[in-house]
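A short write-up of the structure that comes next.
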Amino acid sequence: MDSASSQPDFDYLFKLLLIGDSGVGKSSLLLRFTSDSFDDLSPTIGVDFKVKMVTIGGKKLKLAIWDTAGQERFRTLTSSYYRGAQGIIMVYDVTRRDTFTNLSDVWAKEIDLYSTNQDCIKMLVGNKVDKESERVVTKKEGIDFARQYGCLFLECSAKTRVNVEQCFEELVLKILDTPSLLAEGSAGVKKNIFKQKPPAPDASTSSCC
Amino acid sequence: MGKGKLKHSVPDPTGEELETFQTFGVRPGSSHMETDDEHEKESIVLIHHKIGNVVLQEEMKMELECELSERVVNLEALRRITGSGHLDGVFRPQVWKLLLGYLPAERDAWEGELAANRSRYAELKKELLVNPSESCWKEDDISSSEQQVGLLCRHEISNGDHPLNNGKASIWCRYFEDAEIVKQIDRDLQRTHPDIKFFTRDSALGKSNQEAMKDILFLFAKLNPAIGYVQGMNEVLAPLYFVCRTDLNVQNASNVEADCFACFVRLMCDSVNHFCEQLDNSAMGIHGTLHHLSELLRANDQELWQHLMILCKVNPQFYAFRWITLLLTQEFNFHSVIRLWDSLLSNPLGVQEMLLRVCCAMLVLVRDELLAGDFTSNLKLLQHYPQVDPECLLNLAHRITPITASQLKN
């Protein structure tokens with residue numbers, strides 16, 4: 001257990017968000033990343049929140065990661081979590097086609113609607129590659145989607161830990177490469193990061209519903 | 001911890017003497033202890049409390065047995081015994097059914113009530129768990145008997161209920177939509193208490209339990225199309241199903257699905273609004289209830305409210321959404337959940353009223369940690385709530401001062 005309660009020294013604090021259909025393995029991915037374990041998890045209800053301290057690209061980082069519920073019913077509730085995120089990870093299950101088609105039908109639209117950060121880095125992650133024999137979404141399809149929507153892309157397995165760390169690392173490296181996001185996450189403004197005043201967003205992003 | 005913060009003005013609604021549970025506040029013989037040694041103090045008191053309880057437990061068990069054998073069960077007595085934590089597990093199935101109103105207070109009416117409900121359930125199942133190919137056959141039979149020789153008139157040609165017709169009214173379309181719901185339920189049931197054998201598919205019992213729970217949830221979704229199946233209903237069903245299934249009465253245990261369905265419907269009556277997206281922004285929906293919780297905390301512990309809500313910006317939606325919609329099922333171990341539900345179900349003012357008290361007590365119980373924490377540590381604490389003694393929590397919950405409707409509006 002890492003205690004983040006006392007003044008930790010970090011260079012940047014980034015807010016990351018996990019989205020995608022129910023049962024694709026968002027919580028498992030996060031559990032693997034934050035505590036290197038794999039377990040049968042109950043479906044996420046509402047939202048789950050985890051913090052991880054990492055050193056990436058020579059910088060000490062505090063990652064605040066919000067793990068959202070995938071079921072449709074929770075979408076109106078989870079929309080508020082997009083606000084102020086520097087990175088969004090869209091997860092699908094390579095063994096379930098509907099979780100992939102919902103990326104363009106649902107999740108990309110949700111980002112457009114609710115993300116307040118124009119420069120926010122998006123990452124597409126195809127999970128469960130350990131079930132290679134059950135795969136129905138090819139890697140090429142994933143790459144094509146990522147290209148079309150301007151996302152980073154990786155395939156991984158929370159179960160076998162293949163590529164899990166890389167998912168977060170790639171995303172964070174890209175955030176570190178983006179000056180506007182860096183400014184938001186710098187330790188100087190860390191106190192305000194959760195109050196997150198959207199920096200005068202245009203009308204389309206500030207109003208929901 | 002939260003001692004001294006709460007006024008003692010609220011009597012325990014169950015009428016149980018609070019002294020027995022007085023684990024907070026000043027106690028004789030405790031003055032020599034270090035004040036920061038809270039946990040030790042509490043555990044010593046708990047031991048005393050448990051020894052005293054053995055005698056009490058036996059008395060209560062006898063009283064309960066007596067009550068349950070009366071011609072007309074005294075629900076008030078039932079509530080008092082159950083709410084105070086003295087419900088012997090053997091009686092729980094019966095008591096929960098009585099408290100939920102599934103069993104009437106008059107013993108003589110039980111048999112008839114149960115039989116009627118069970119046959120109603122069987123019919124419901126037959127009606128709603130249809131296989132479209134069967135119903136198409138039936139319709140064909142009827143129409144062919146009515147048909148006269150010769151060509152069909154235009155209006156007699158049906159739109160065709162065949163699997164490729166994806167019109168909204170098609171039986172097959174509904175069938176495929178239903179199949180999606182069932183798949184979702186199935187996925188969630190496989191993730192419901194995977195650590196408890198009773199719920200896993202490793203055994204024949206576990207398998208049949210999952211099948212029964214699947215049908216219950218599916219029928220509930222079909223009968224409540226505005227809500228459907230929402231993730232988390234599986235968690236709410238689990239303790240109820242467990243209790244109904246572990247009934248020592250063989251006949252009750254074998255009719256678990258029908259009985260449990262009726263109990264589930266009754267339990268959900270009180271909390272179904274929280275699952276309903278359309279009500280999210282109304283006072284009846286989940287946000288209204290979260291606001292209620294926040295105001296309850298403010299009225300009972302202004303300092304803590306100020307710290308959590310204003311300073312740390314830990315919105316109740318981040319943690320209490322799950323506490324409330326799932327009736328605490330994911331916050332505590334299964335054993336504690338059952339104990340907490342004894343109190344939720346036996347509250348004369350309803351499950352939700354007690355639930356909010358318990359939620360508020362959960363905050364007050366860890367107030368020292370919360371007051372010392374920031375956004376991150378507080379959210380972590382509340383999303384992964386420590387496994388506290390349910391009796392401590394309930395004792396505190398009974399001392400939460402309710403708020404008036406006008407307080408809630410402001």
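Numbered from 1 within each chain, the chains take letters A, B, ... in sequence-line order. These numbers come from the heavy atoms of this one structure, side chains and all, not from hydrogens, waters or symmetry mates.
- The main-chain N or O of B:F275 is found under 3.5 Å from a side-chain atom of A:R73 such that the two form a donor-acceptor pair.
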Please assess B:E277 against A:F74 for the test side-chain contact (heavy atoms from CB on, under 4.5 Å), listing each intermediate value before the final yes or no. CA-CA 8 Å; B:E277 198 171 349; A:F74 300 107; over 6 Å; no
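- Neither the backbone nor the side chain of B:L381 comes within contact range of chain A; no heavy atom of the residue lies under 4.5 Å from a heavy atom of that chain.
- Contacts between B:F318 and chain A at a heavy-atom distance below 4.5 Å involve backbone atoms as well as side-chain atoms.
- When heavy atoms are compared at a cutoff of 4.5 Å, B:H193 does not approach chain A at all.
- Atom NZ of A:K59 sits in a sparse spot, with 12 or fewer heavy atoms from other residues, nucleotides or ligands closer than 6.0 Å.
- Rounded to the nearest 0.5 Å, atoms NZ (B:K380) and NZ (A:K50) are 9.0 Å apart.
- Using a 4.5 Å cut-off between heavy atoms, B:N234 touches chain A through its side chain atoms alone.
- A:Q71 places a side-chain N or O within donor-acceptor distance of the main-chain N or O of B:Y229, the cut-off being under 3.5 Å.
- At a 4.5 Å heavy-atom cutoff, the contact between B:Q383 and chain A is made by side-chain atoms alone.
- Only the side chain of B:T325 comes within contact range of chain A, with heavy atoms under 4.5 Å apart.
- For residues 164-182 of chain A, an interface with chain B (any heavy-atom pair closer than 4.5 Å) does not exist.
- Contacts between residues 26-48 of chain A and chain B, counted as heavy-atom pairs separated by less than 4.5 Å, involve A:D40, A:L41, A:S42, A:P43, A:T44, A:I45, A:G46, A:V47, A:D48.
- Interface residue B:Q330: only side-chain heavy atoms are found under 4.5 Å from chain A.
- Contact tally against chain A (heavy-atom pairs below 4.5 Å) for B:L326, B:T192, B:D195: the top residue is B:L326.
- In terms of heavy-atom proximity, A:S22 sits nearest to B:Q184 at OG-NE2, 3.3 Å.
- The contact between B:I286 and chain A is made entirely by side chain atoms (from C-beta outward), counting heavy-atom distances below 4.5 Å.
- The line from CG of B:L382 to CZ of A:F49 is 11.5 Å long, rounded to the nearest 0.5 Å.
- The pair B:K183-A:D98 does not count as a salt bridge, with every side-chain nitrogen at least 4.0 angstrom from each carboxylate oxygen.
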